[in-house]
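Reading through the structure tokens given below for one structure.
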Protein chains: 2
Amino acid sequence: MKSDYPTPLATVDLVLLTLRDGVLSVALVRRDRPPFEGRLALPGGFVHVEEDEDLAATARRVLREKTGLVAPYLEQLYTFGGRNRDERGWSISVAYFALLPDIAPDPENGRAILEVDGLPHLPFDHSRIVEQAVARLRGKSSYSSLPVYLMPERFTLDDLQSVYERVLGQPLDRGSFRRQIDFQGFVEPVPGEFRRPEGGRGRPAQLYRLGAKRLKEFGRRMLA
Amino acid sequence: MKSDYPTPLATVDLVLLTLRDGVLSVALVRRDRPPFEGRLALPGGFVHVEEDEDLAATARRVLREKTGLVAPYLEQLYTFGGRNRDERGWSISVAYFALLPDIAPDPENGRAILEVDGLPHLPFDHSRIVEQAVARLRGKSSYSSLPVYLMPERFTLDDLQSVYERVLGQPLDRGSFRRQIDFQGFVEPVPGEFRRPEGGRGRPAQLYRLGAKRLKEFGRRMLA
DNA sequence: AAAATAGTGTCTGTCAGACAGTATGGA
DNA sequence: TCCATACTGTCTGACAGACACTATTTT
């Protein structure tokens, strides 16, 4: 039995954040149907009531269908709903945000990776959604290990610090950062694995990987 | 033009949290129609696409219609959506949570105020929604002025500390608490207004009210 | 040895927790 | 004066920021 009320459209939109050449960026796909056909926008899709068990399932399906990617971190961001955000009618978009290690643009399939700073205006209210996703990442990064999901398999502590600095937009003290990371223990050194500096000269750096704890909130704010 | 896909039901549910005799409690209303007719549940309602401008408008309308109350603080909590949460079909519930000063039960209109600890099982997935709202309040309270929205017009600093302690479920040091509150400055003393101790004996306490800043995040975690 | 990069040790200012002390009222 | 409650001052341990120092590699 359905309700007597006309129901809004129900969609899920994804904000896929990644680090492209060390710069925080978002994955966009070219729309293959109206409205805004041919424009770059967040990957999204309708909830399929026959197919999807719940909203998280919709998010995973959309991610798979639109990009073929799998995100190590996927979190519900916020729900945008109103009369004027989509010309097709009153619509609800449940936005999810995901973090991925560096992913390549794929022009064949209409996928572009754009820096989040200086992003052009996007269709619908997608600009606002991206803004909110970035704000959430920045906010959580100052007191959690979230940014590790932007790292590749193996990385050095200086790599990790650099990612934190990029995400937070401010320099961090080397000693304090390492003290904190060591104390929290969500990454672990890989025994015997090192990486030589690019110039050749200099002490090789210990390589790290994600530990068992993975996502962790720090007890206190980690920095300013 | 509508979508080709069948759309899920779209509802908004409200978690109204309040302090009843100093105990964190939630407002529930008796359902006046199936499913679960006659049972206590979160006040909620369908999105009315003709009437409501956006989701926040739906939330405010439902609050008004179901309780006649106005909430000084209303925030989107999380969106629950899936096939089995409502027997009427695939449904989406955008949950909002609100904070209110002490409100009275209203059996005439089917409204009850129940303590959040030891709550009986609620219809749909409402128990989970309440849980999440309480978790959000607890989480934010340790580093923000959120609990002030649970306070009446006038209150003492000891009242405020007591509310923080109730919400966080742990005692706080008097000196540290006052230092922090004073530094943050989201409440202000009301000149010349004091409240005498209940027993009659003892120094009267300065009365405070919300200041201009109201909602504020602290720089650091306020306590363990 | 020099240079370059990785990693550690230590000082210090800040601040929350603890708690003792002062202030102000009624009985 | 005593008691009860409200409020304040100060000591201290923990810790983040700063930064100098040691370590390890290639040239």
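Just so it is clear, the values below take in all heavy atoms, side chains as well, and ignore hydrogens, waters and symmetry mates. By convention in this document, chain letters (A, B, ...) are assigned in the order of the sequence lines, proteins followed by strands, and residues within each chain are numbered from 1.
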Under 30°, 30 to 60°, or over 60°: which ring-plane class applies to A:Phe155 and A:Tyr208, parallel, tilted or perpendicular? parallel
Can you check the [X] [atom1] to [N] [atom2] distance for me, whole Å?
X	N	atom1	atom2	result
A:Phe177	D:dC19	CZ	P	19 Å
A:Ile181	D:dG17	CD1	C1'	16 Å
A:Asp182	C:dT8	CG	P	8 Å
B:Asp158	C:dT24	CG	C1'	14 Å
A:Leu172	D:dC19	CG	C1'	16 Å
B:Arg196	D:dC3	CZ	P	22 Å
A:Gln180	D:dC15	CD	C1'	9 Å
B:Arg178	D:dC7	CZ	P	5 Å

Give a yes/no answer on whether the side chain of A:Gln206 brings an N or O atom under 4.0 Å of OP1 or OP2 in C:dG7. no
At less than 4.0 Å, is any side-chain N or O atom of A:Arg203 found next to OP1 or OP2 of D:dT25? Yes or no. no
Would you say the side chain of B:Arg174 and the base of C:dG17 hold a donor-acceptor pair, judged only by whether the two atoms sit under 3.5 Å apart?
-> no
With distance as the sole criterion, do the side chain of A:Arg179 and the base of D:dG17 form a donor-acceptor contact below 3.5 Å?
yes
Walking DNA chain D from its 5' end, the first of B:Arg201 and B:Leu207 to be reached, judged by nearest nucleotide, is B:Arg201
Judged by nearest nucleotide, the residue sitting upstream toward the 5' end of DNA chain D, A:Phe183 or A:Pro204, is A:Phe183
Exactly one of A:Arg154, A:Arg209, A:Gln206 clears side-chain hydrogen bond (donor to acceptor under 3.5 Å, both in side chains) with A:Glu193, and that residue is A:Arg154
Review point. Would B:Asp86 and B:Ser91 count as having a side-chain donor-acceptor pair, cut-off 3.5 Å?
Key: no
Under a 3.5 Å cutoff, is there a donor and acceptor pairing between the side chains of B:Asp13 and B:Ser93? yes
Ion pair check, B:Glu75 and B:Lys140, cut-off under 4.0 Å:
yes
By nearest-heavy-atom nucleotide on DNA chain C, the more 5' of A:Asp173 and B:Gly199 is A:Asp173
Side-chain atoms of B:Pro197 come closest, of D:dT5, D:dC7, C:dA6, to D:dT5
